[in-house]
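Written out below as structure tokens is the structure these notes cover.
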There are 2 protein chains.
Amino acid sequence: MEAMDKRRLEELTGVFKALSHPTRLWMVEQLFESEQCVCEFVDVLKLDFSTVSKHLSILKQAHVIEDDKRGKNVYYKLRAQCIPTIISCLENSLGN
Amino acid sequence: MEAMDKRRLEELTGVFKALSHPTRLWMVEQLFESEQCVCEFVDVLKLDFSTVSKHLSILKQAHVIEDDKRGKNVYYKLRAQCIPTIISCLENSLGN
DNA sequence: TTGTCATTTGGCAATATAACCAAATATTAT
DNA sequence: ATAATATTTGGTTATATTGCCAAATGACAA
């Protein structure tokens, strides 16, 4: 593991780590369709507001999603446009 | 999160979790080139044999790699052929 | 300003993960 | 069979993650 590689590896593992929780992966998939605010996720997932917010912040920090504050709400949308491709790519790979 | 979705999500998060450790991601990238036995990883990484073995077993269980016992050695090789594509896809996505 | 709603942040307890050591297993060589 | 090498498994400790609660922030409304 060369030194220059280290940064790159950590950035990549950050993304994988962000996607490695069922709730987070599910939220990301919801954002394939359209942006959603935090409260919409809270309603559906029946998790604490703080829990949902923290999950979203992990995804944001990994540059998977980005936020957009509008009025009282914060809307999240997909930023890493390659994620849908990655997931279907993996599903094909696994389901053989 | 529908019930049918749950299995699929867990299988996918299993893959992401497996890839979300720098050492494991590095090992997977080594296997893009050619198969390697456990001892070769141990030599380069300077980690305990048991540590390396456990990392590889996590990747194997996620169907990312597969093993091939030959003689005294166990050789690991890439199984999920889409991983190289996924990584370069992500690198492009992040580096903009 | 005060109040209210949406969200984030800090702190805590429970659970999961990581790395090492030691012991167990497996395969080949003697 | 015994020994030597390669790998896996079990156990332990340290660290990280998860989910809740309570408190803090931020924006709009009255």
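Worth knowing before you read on, the calculation uses all heavy atoms, side chains too, and leaves out hydrogens, waters and symmetry mates. Numbered from 1 within each chain, the chains take letters A, B, ... in sequence-line order.
Atom CZ of F41(B) is separated from atom P of dA19(C) by 15 Å (rounded to the nearest Å). For F49(A) and dT4(C), the CZ to P distance is 17 Å, given to the nearest whole Å. Separating the CD atom of Q36(A) from the P atom of dA6(C) is a distance of 15 Å, rounded to the nearest angstrom. Remark: C1' of dA6(C) and CG of D43(A) are 12 Å apart, rounded to the nearest angstrom. Straight-line distance from the NZ atom of K54(B) to the C1' atom of dA23(C): 12 Å, rounded to whole Å. The CG-P distance, from L47(B) to dC21(C), rounds to 11 Å in whole Å.
The existence of a salt bridge linking E35(A) and R70(A) is confirmed by a sub-4.0 Å separation between a basic side-chain nitrogen and an acidic carboxylate oxygen. The existence of a salt bridge linking E91(B) and R8(A) is confirmed by a sub-4.0 Å separation between a basic side-chain nitrogen and an acidic carboxylate oxygen.
The two atoms that bring H63(B) and L94(A) nearest to each other are CB-CD2, 3.8 Å, heavy atoms only. Scanning all heavy atoms of the two residues, the minimum distance from L78(A) to V64(A) falls at CD1-O, 3.7 Å. Between L31(B) and Y76(B) the shortest heavy-atom distance is CD2-O, 3.4 Å. In plain terms, the two heavy atoms of A62(A) and G14(A) that are nearest each other are CB-O, 3.7 Å. For the residue pair T13(B) and P22(A), the shortest heavy atom distance occurs at CG2-N, 3.5 Å.
The residue among K46(A) and C37(B) whose nearest nucleotide of DNA chain D lies closer to the 5′ end is C37(B).
Shown here is Q61(A), whose CD atom has no more than 12 heavy atoms of other residues, nucleotides or ligands within 6.0 Å.
Dashed line: the shortest gap from a side-chain N or O of H21(B) to OP1 or OP2 of dA19(C) is under 4.0 Å. Of the side-chain N and O atoms in K17(B), one or more sit less than 4.0 angstrom from OP1 or OP2 of dT17(C). Neither OP1 nor OP2 of dA18(C) sits under 4.0 Å from any side-chain N or O of T51(B). OP1 and OP2 of dT17(C) both lie 4.0 Å or more from every side-chain N or O belonging to H55(B).
Within the nucleic acid shown, Y75(B) has no heavy atom closer than 4.0 Å to any nucleic acid atom. Looking at heavy-atom distances under 4.0 Å, S50(B) makes contact with a base.
In this structure the side chain of N73(B) never reaches within 4.5 angstrom of the side chain of V38(B), judged on heavy atoms. Using a 4.5 Å cut-off on side-chain heavy atoms (C-beta onward), L90(A) and L12(B) make contact.
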K77(B)/D68(B) under salt bridge (charged side-chain N to carboxylate O under 4.0 Å, His left out): CA gap, chis, key distance, verdict: CA-CA 8 Å; K77(B) 65 178 179 185; D68(B) 182 15; 5.6 Å; no
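Between H55(A) and H21(A), the angle of the ring planes lies from 30° to 60°, which puts this pair in the tilted group.
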Pair assignment for DNA chain C - dot-bracket with | for other-strand partners, Watson-Crick or G-U under 3.5 Å: ||||||||||||||||||||||||||||||
Pairs under 3.5 angstrom, nitrogen or oxygen only, protein versus nucleotides 13-15 of chain C, please.
none

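Nucleotides of DNA chain D lying under 4.0 Å from heavy atoms of chain A occupy a range whose first and last members, 5' to 3', are dT17(D) to dC28(D).
Legend: residues meeting salt bridge (charged side-chain N to carboxylate O under 4.0 Å, His left out) with E11(B), ordered by chain and number and at least two apart, are absent.
Every pair passing side chain to side chain donor-acceptor pair (under 3.5 Å) that includes a residue from residues 41-51 of chain B is listed here, sequence neighbours excluded: D48(B)-S50(B).
The stretch residues 58-74 of chain B comes close to DNA chain C through I58(B), G71(B), K72(B), each having a heavy atom under 4.0 Å from the strand.
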